[in-house]
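A short worksheet on the structure shown next.
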2 protein chains.
Amino acid sequence: MLSKKAKYGLKAMFYLADRFEKGPVLIADLAEEEHIPKKFLELILLELKRNGLLHSKMGKGGGYYLNKPPAEVTVGQVVRILDGPLAPIPCVSKTAYRKCDECDNERTCEIRKIMMQVREATAAILDHTSLKDAPRAQFEVARRK
Amino acid sequence: MLSKKAKYGLKAMFYLADRFEKGPVLIADLAEEEHIPKKFLELILLELKRNGLLHSKMGKGGGYYLNKPPAEVTVGQVVRILDGPLAPIPCVSKTAYRKCDECDNERTCEIRKIMMQVREATAAILDHTSLKDAPRAQFEVARRK
DNA sequence: TACTTATTCTATCATTTTAATAGATTTTTA
DNA sequence: TAAAAATCTATTAAAATGATAGAATAAGTA
């Protein structure tokens, strides 16, 4: 399951992708437009920033913005930062492998084989979809001055 | 993420698939062999039974057993029963559709489009893998008398 | 019938995760 | 210095997860 956190994060990233190189966007605006609780969104954006996906400016005229072209940021990156590994079970994760507790024979574990396929399929989709790939309905909302 | 519940459930189903038409299996044995907390396993098997995947017999000589050939039970069925829909978000679920709260335009929602693909890919794998498809290492454990 | 073996049912519980809020602090600009 | 914004730290409420306890029921058998 995709958490609300990740969902909000993706919404925010798509929003910011739309405004790439058009100046910083206020958290408050983003929160209102996308119907995301402002305080919650703050934490999310901060986390995305800490992981190198966003830049920000404090003070008047500040806000958040993408630091790379939308085509260079994938949905997979965003989801991993906010929800952790894509793998359904830790023992098939490439970015955060961990041995299963009960599993004594990883090589022959059929659950592992199946979930490995799921992970591959999921990663194939999310890591090859960038913020630019998903064509987006135009916002009608004018940016606040 | 696959819950422990679903993981335990799958382990149990594979175990029972191995013993198809060889008589009922005791919860206690299954729990011990697969390192699953017995009481927890009881609930899981009951749920799988209520959903038509297992039969059971009470009293002496009783236990649990598959009521269909392993080839006719898919991993997807088991996971859906124990963990709910495969879809990462409710609005792309086929078995349990639900509108998103915030989403006002389902048709243009790019998150939805992406997660739809993920759901399809996941379902394609899990619904086409049966308990028989995953070839399994032989148990060395003799069934208790 | 009484006993034993098993599943079934109902309830409860502890822990973790999720979703969200509150308030003080820091940075920047004008 | 005042206003605007992000940043930081802490807390909280609710839900989900993982697990346990004990009584009830069913079935076979001596």
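What's counted below: heavy atoms across the whole structure, side chains too, no hydrogens, waters or symmetry copies.
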Exercise for the section: Name all residues meeting the ring pair (Phe, Tyr, Trp, His ring centres under 6.0 Å) criterion together with A/Phe20; count only those two or more places apart in sequence or in a different chain, and write none if there are none. Expected result: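 For A/Phe20 there are no ring pair (Phe, Tyr, Trp, His ring centres under 6.0 Å) partners, ignoring immediate neighbours.
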Exercise for the section: Output all residues satisfying ring pair (Phe, Tyr, Trp, His ring centres under 6.0 Å) with B/Tyr97, sequence neighbours left out; order by chain, then residue number. Expected result: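 Partners of B/Tyr97 under the ring pair (Phe, Tyr, Trp, His ring centres under 6.0 Å) test: none.
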Practice task
Only counting residues at least two apart or in another chain, list the ones meeting side chain to side chain donor-acceptor pair (under 3.5 Å) with B/Glu47.
Solution key: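 Residues passing side chain to side chain donor-acceptor pair (under 3.5 Å) with B/Glu47: B/Lys5.
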Problem - Sequence-distant partners of A/Ser93, side chain to side chain donor-acceptor pair (under 3.5 Å), two or more places apart - result: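 So A/Ser93 forms no side chain to side chain donor-acceptor pair (under 3.5 Å) with any residue.
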Taking atom [atom2] of [N] as reference, at what distance in whole Å does atom [atom1] of [X] sit?
{"X": "B/Asp29", "N": "C/dT5", "atom1": "CG", "atom2": "P", "value": "14 Å"}
{"X": "B/Leu26", "N": "D/dA27", "atom1": "CG", "atom2": "C1'", "value": "14 Å"}
{"X": "B/Leu82", "N": "D/dG18", "atom1": "CG", "atom2": "C1'", "value": "13 Å"}
{"X": "A/Leu30", "N": "D/dA6", "atom1": "CG", "atom2": "P", "value": "10 Å"}
{"X": "B/Lys39", "N": "D/dG22", "atom1": "NZ", "atom2": "C1'", "value": "7 Å"}
{"X": "A/Phe40", "N": "D/dA14", "atom1": "CZ", "atom2": "P", "value": "16 Å"}

Practice task
Could you tell me which residues satisfy side chain to side chain contact (heavy atoms under 4.5 Å, CB included) with A/Ser56, sequence neighbours excluded, listed by chain and number?
Solution key: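 A/Lys49, A/Tyr64.
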Handout entry: Pairwise 5' ranking along DNA chain C for B/Gly61 and A/Gly61, keeping only the more 5' one
Key =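 Mapping each residue to its closest nucleotide by heavy atoms, the 5'-most match is B/Gly61.
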Handout entry: Proximity to DNA chain D (any heavy atom under 4.0 Å), residues of residues 1-9 of chain A only
Key =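 When residues 1-9 of chain A is checked for heavy atoms under 4.0 Å from DNA chain D, there are no hits whatsoever.
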Check residues 66-73 of chain B and write down every donor-acceptor pair under 3.5 Å in which the side-chain atom is one partner and the other belongs to a residue at least two apart or another chain.
residue: B/Asn67; atom: ND2; partner: B/Gly52; partner atom: O; Å: 3.4
residue: B/Asn67; atom: ND2; partner: B/His55; partner atom: NE2; Å: 3.3

Problem - B/Arg112 and B/Glu106 ion-paired at < 4.0 Å - result: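 Salt bridge present between B/Arg112 and B/Glu106.
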Exercise for the section: Please work out which residues in residues 41-60 of chain A have a non-hydrogen atom less than 4.0 Å from an atom of DNA chain C and list them by number. Expected result: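 Only A/Leu43, A/Lys57, A/Met58, A/Gly59, A/Lys60 qualify.
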Handout entry: For A/Arg80, salt bridge (Lys or Arg N to Asp or Glu O under 4.0 Å) partners two or more places apart
Key =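 Only A/Asp127 meet the salt bridge (Lys or Arg N to Asp or Glu O under 4.0 Å) criterion with A/Arg80.
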